[in-house]
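Before any comments, here is the structure.
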Amino acid sequence: MPSFYVYSMDIIFATHNEHKTHEARAILGADWHLMNLHDVGCNEEVPETADTLKGNALQKAQYVLDHYHTNCFADDTGLEVEALDGRPGVYSARYAGEHCTYQDNVNKLLAEMKGISNRKACFKTVVALILDGETHFFEGRVDGTILGEPRGTAGFGYDPVFQPDGYDQTFAEMGDDVKNSISHRGRAMRKLMEFLKDKVAEK
Ligand code: IMP
């Protein structure tokens, strides 16, 4: 028996995505006991009906707090295309319809952008954290270009048509590590994780 116990603090990440959970645990280390929605027995879809990324992230975090009464955070991401006045934005997941696939979304985007020479776009992520009853937001952004044709097979979503500025590969052609080091979500999550680490140091 150890003569002392090390307590870690519970926090719920409002996601069913094991990949995102694994990534967050790796950055956060052992001071926080990070659980996702499966871990707490939540198998239903968490509502996200707001019309901004910030609104959706907060709505998801608030839902988890209301149901599980534990510190929590949630993320929401959108692809904003300059020539499409920021679309698909907050509607990126369901751009091509309610039950569409990633491929449907990419096809719709490429069709809408046919003949358009301004290919500038960015991904934005907002993370909402509710910690000890207080809300904090963290943002991450990456700028890039929408290609005319998909390239690469890794990643998900719009990765095959998004080439970040300063790189000659799409997100779907680069490894996870490279993508995470520059991506919208990677940036927002690292800000969140730094904040949480500082909180532990203050205690
Ligand atoms: P979510 O808020 O993380 O669920 O992202 C909403 C939608 O944005 C996803 O369904 C994808 O279509 C798209 N998306 C989010 N993150 C990425 C990414 O890293 N690469 C490509 N597409 C993404």
Side-chain angles (χ1 to χ4, degrees), residues 13-24 27 36-38 42 44-64 72-81 84 86-113 119 121-129 137-147 149-165 167 169-192:
F13 185 1
T15 184
H16 289 106
N17 185 319
E18 297 295 342
H19 186 80
K20 284 188 190 177
T21 310
H22 178 77
E23 219 176 84
I27 304 176
N36 66 19
L37 294 176
H38 290 305
C42 172
E44 64 258 36
E45 252 187 62
V46 176
E48 41 181 316
T49 53
D51 56 9
T52 60
L53 299 177
K54 198 171 174 179
N56 271 340
L58 182 58
Q59 187 182 16
K60 289 188 269 188
Q62 190 64 52
Y63 176 95
V64 170
C72 57
F73 62 91
D75 68 332
D76 202 48
T77 292
L79 173 70
E80 296 184 2
V81 179
L84 301 179
R87 278 182 289 123
V90 70
Y91 305 108
S92 294
R94 287 170 224 99
Y95 187 37
E98 200 49 42
H99 301 291
C100 64
T101 63
Y102 290 141
Q103 187 64 54
D104 295 334
N105 282 335
V106 166
N107 291 346
K108 173 161 180 179
L109 179 65
L110 292 182
E112 286 221 45
M113 295 200 65
R119 315 290 297 188
C122 71
F123 275 112
K124 284 183 187 166
T125 294
V126 177
V127 172
L129 166 71
F137 292 99
F138 306 88
E139 299 188 8
R141 170 186 176 134
V142 59
D143 289 274
T145 302
I146 303 297
L147 303 184
E149 295 281 335
R151 282 200 336 235
T153 53
F156 69 101
Y158 300 91
D159 278 350
V161 290
F162 185 84
Q163 182 169 298
D165 288 349
Y167 292 77
Q169 291 178 308
T170 66
F171 269 169
E173 291 176 306
M174 49 181 66
D176 269 0
D177 288 351
V178 182
K179 180 185 166 188
N180 290 335
S181 71
I182 57 169
S183 81
H184 45 300
R185 192 170 29 258
R187 286 176 172 153
M189 292 298 279
R190 277 191 294 279
K191 288 182 191 171
L192 165 74

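Order of listing sets the numbers, starting from 1, for every ligand and every atom in it.
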field: Y102, any N or O under 3.5 Å of ligand 1 N or O
entry: no
Residue and atom name of the nearest protein heavy atom (relative to [atom]), distance in Å to one decimal:
atom: atom 14 (N) of ligand 1; result: F156 CE1, 3.9 Å
atom: atom 20 (N) of ligand 1; result: D159 OD1, 2.6 Å
atom: atom 16 (N) of ligand 1; result: R185 NH1, 3.1 Å
atom: atom 2 (O) of ligand 1; result: T77 N, 2.9 Å

Test item: [X] side-chain N/O and [Y] main-chain N/O as donor-acceptor pair under 3.5 Å:
X: R119; Y: T145; answer: no
X: D143; Y: C122; answer: no
X: N107; Y: D104; answer: no
X: Q59; Y: T49; answer: yes

For [X], take its heavy atoms, then give the atoms of ligand 1 lying under 4.0 Å from any of them.
X: H184; answer: 16 (N), 17 (C), 18 (C), 19 (O)
X: D76; answer: 2 (O)
X: S92; answer: 7 (C), 8 (O), 12 (O)
X: K179; answer: 18 (C), 19 (O), 20 (N)

query: Does D177 come within less than 4.0 Å of K179, counting only side-chain N to carboxylate O?
result: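 Result for this pair is no, no salt bridge flagged.
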message: If you take the nearest heavy atom of each of Y158, Y91, Y95, which one is closest to atom 22 (N) of ligand 1?
response: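 Shortest heavy-atom distance from atom 22 (N) of ligand 1: Y158.
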task: Return the option from K124, K20, E48 holding the heavy atom at the smallest distance from atom 3 (O) of ligand 1.
output: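 Nearest heavy atom to atom 3 (O) of ligand 1 lies in K20.
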query: Among side-chain atoms of Q163 and R151, is any donor-acceptor pair under 3.5 angstrom?
result: yes
T125 versus E139, side-chain donor and acceptor atoms under 3.5 Å: no
statement: Exactly one of K60, K54, K124 clears salt bridge (Lys or Arg N to Asp or Glu O under 4.0 Å) with D76, and that residue is K60
- prompt: Is the closest heavy atom of F123 to ligand 1 under 4.0 Å?
  reply: yes
